[in-house]
Amino acid sequence: LDRIVAALESYCACCQEEFSRTHDHFRLVGQDNLRRYLPVRRLRIRVDRFDSLFEIFARVCAAKAVGCHATVSLFENWSSPATDWLQELTRSWLGAVDFVEETDDELAAQILDGQIDRVRYAGPERVPAIIHRAAAESGIYLAHAPVLAHGRVELLWYLREQSLSIDYHRYGNLGIRADEERTRACED
């Protein structure tokens, strides 16, 4: 449990410091160059019989931390004390996490039907060939790196980075933003 608590603290801190903010590192005159992170819309967290308590809880907590709507995918007619406990603890999250029982074939069909944007496994050896084929055919990303307690790395599996470049000048006229503190281009 200590490792799960440490992971939660790291996930929350990284969300607050990096992933929930819009960044403009250059602050150029006349142009906003924004970088921001958006949660994966339809995330499937596939739980395997070999997943540890940490791997199960950390993935669900990471998804919740960044604002994903996650569906925890369980094998049909299978549960464990960890998944039962997880269902009980997340009941108050008001629909942020759903649980579904499905076979690998049903999961592959959901991927091929475009109902899933990303699948998060706890390790590459746990991804069946049918899921690899479905992901390759549909172009969705399978995240199957080991689950980490460090939020700066783990949370990237649950996010999409977006970069925007917005010109706010009109023929060099900065308008109401003329007095903003910005970086000046180098003059030679």
Side-chain angles (χ1 to χ4, degrees), residues 1-27 32-74 79-102 107 110-111 115-127 131 135 140-166 181:
L1 284 178
D2 290 342
R3 188 171 177 211
I4 295 170
V5 171
L8 284 171
E9 289 172 351
S10 178
Y11 298 165
C12 290
C14 288
C15 276
Q16 186 175 19
E17 295 165 11
E18 177 71 17
F19 298 121
S20 65
R21 297 178 180 201
T22 299
H23 304 275
D24 183 353
H25 296 288
F26 298 107
R27 301 211 20 98
D32 293 322
N33 292 287
L34 308 176
R35 178 178 47 85
R36 64 184 179 183
Y37 297 90
L38 305 172
V40 171
R41 285 186 332 121
R42 296 171 300 178
L43 173 72
R44 216 36 152 249
I45 298 172
R46 183 63 163 172
V47 175
D48 188 87
R49 291 173 178 89
F50 300 106
D51 291 350
S52 69
L53 178 73
F54 170 77
E55 291 169 330
I56 295 169
F57 273 75
R59 288 180 290 163
V60 172
C61 291
K64 173 71 170 144
V66 299
C68 286
H69 177 238
T71 300
V72 177
S73 173
L74 305 168
S79 69
S80 70
T83 59
D84 293 342
W85 191 33
L86 180 65
Q87 287 185 39
E88 184 63 33
L89 290 175
T90 60
R91 199 173 311 264
S92 66
W93 289 5
L94 301 174
V97 179
D98 293 324
F99 290 83
V100 64
E101 290 185 2
E102 59 192 349
L107 177 56
Q110 290 284 314
I111 292 169
Q115 299 300 311
I116 298 170
D117 295 321
R118 186 169 296 168
V119 181
R120 178 68 170 111
Y121 279 86
E125 71 285 351
R126 298 174 196 164
V127 184
I131 302 300
I140 74 154
Y141 186 76
L142 286 177
H144 54 63
V147 181
L148 302 176
H150 191 320
R152 185 64 180 95
V153 179
E154 181 62 29
L155 295 181
L156 292 173
W157 302 122
Y158 309 86
L159 296 163
R160 295 176 300 122
E161 184 177 315
Q162 183 183 58
S163 296
L164 303 167
S165 187
I166 303 164
E181 184 80 23

So which atom in W157 and which in A145 form the shortest heavy-atom distance, rounded to 0.1 Å?
CZ2-CB, 3.6 Å
Between CZ on residue R36 and CG on residue L164, distance to nearest 0.5 Å
5.0 Å
May I have the step-by-step check of side-chain contact (heavy atoms from CB on, under 4.5 Å) for V72 and I56, ending in yes or no?
CA-CA 9 Å; V72 177; I56 295 169; 5.9 Å; no
Roughly how far, to the nearest 0.5 Å, is the CD1 atom of I116 from the CD1 atom of I131?
8.0 Å
Taking the side chain as everything from C-beta on, heavy atoms only, tell me whether R42 gets closer than 4.5 Å to Q110.
no
Could you tell me whether the side chain of D32 and the main chain of L34 form a donor-acceptor pair under 3.5 Å?
no
Do NZ/NE/NH1/NH2 and the carboxylate oxygens of R160 and D117 come within less than 4.0 Å?
no
Using 30° and 60° as the class limits, which term best fits the ring planes of Y37 and F19: parallel, tilted or perpendicular?
perpendicular
In this structure, are over 12 heavy atoms from other groups packed under 6.0 Å from I166 atom CD1?
yes
Determine whether more than 12 heavy atoms belonging to other residues, nucleotides or ligands lie under 6.0 Å from atom CD of Q16.
no
I need the single residue from R126, R49, R3, R120 that forms a salt bridge (charged side-chain N to carboxylate O under 4.0 Å, His left out) with E55. Which is it?
R126
How long is the span from the NZ atom in K64 to the CG atom in L8, to the nearest 0.5 Å?
12.0 Å
If you take all heavy atoms of L148 and F54, which pair is closest and at what distance?
C-CZ, 4.0 Å
About how many Å separate CZ of R44 and CG of L142, when rounded to the nearest 0.5 Å?
13.0 Å
Side chain proximity check, L1 to F57, heavy atoms < 4.5 angstrom
no
Please tell me if the side chains of F99 and T90 come closer than 4.5 Å, counting only heavy atoms from C-beta onward.
yes
Within this structure, what is the CG-OG distance for the pair D48 and S80, rounded to the nearest 0.5 Å?
11.0 Å
Looking at every non-hydrogen atom in both residues, tell me the closest pair between C15 and S20 and how far apart they are.
O-OG, 2.7 Å
If every non-hydrogen atom of P39 is compared with every non-hydrogen atom of V66, which pair is closest and at what distance?
CB-O, 3.5 Å
If you take all heavy atoms of G151 and S10, which pair is closest and at what distance?
N-OG, 2.7 Å
List for me each residue that meets side-chain hydrogen bond (donor to acceptor under 3.5 Å, both in side chains) alongside R46, sequence neighbours excluded, and say none if there are none.
S73, D104
For D98, is there any backbone N or O sitting under 3.5 Å from a side-chain donor or acceptor partner on T71?
no
Sub-4.5 Å side-chain heavy-atom contact between L74 and S79:
no
Within the structure provided, determine whether Y158 and R59 are in side-chain contact (heavy-atom separation under 4.5 Å).
yes
Closest approach of H144 and V127, non-hydrogen atoms and distance?
CB-CG2, 3.9 Å
OH (Y11) and CZ (R152) are apart, to the nearest 0.5 Å, by 14.0 Å
Using a 6.0 Å cut-off, check whether atom CG of D2 has over 12 heavy atoms from anything other than its own residue.
no
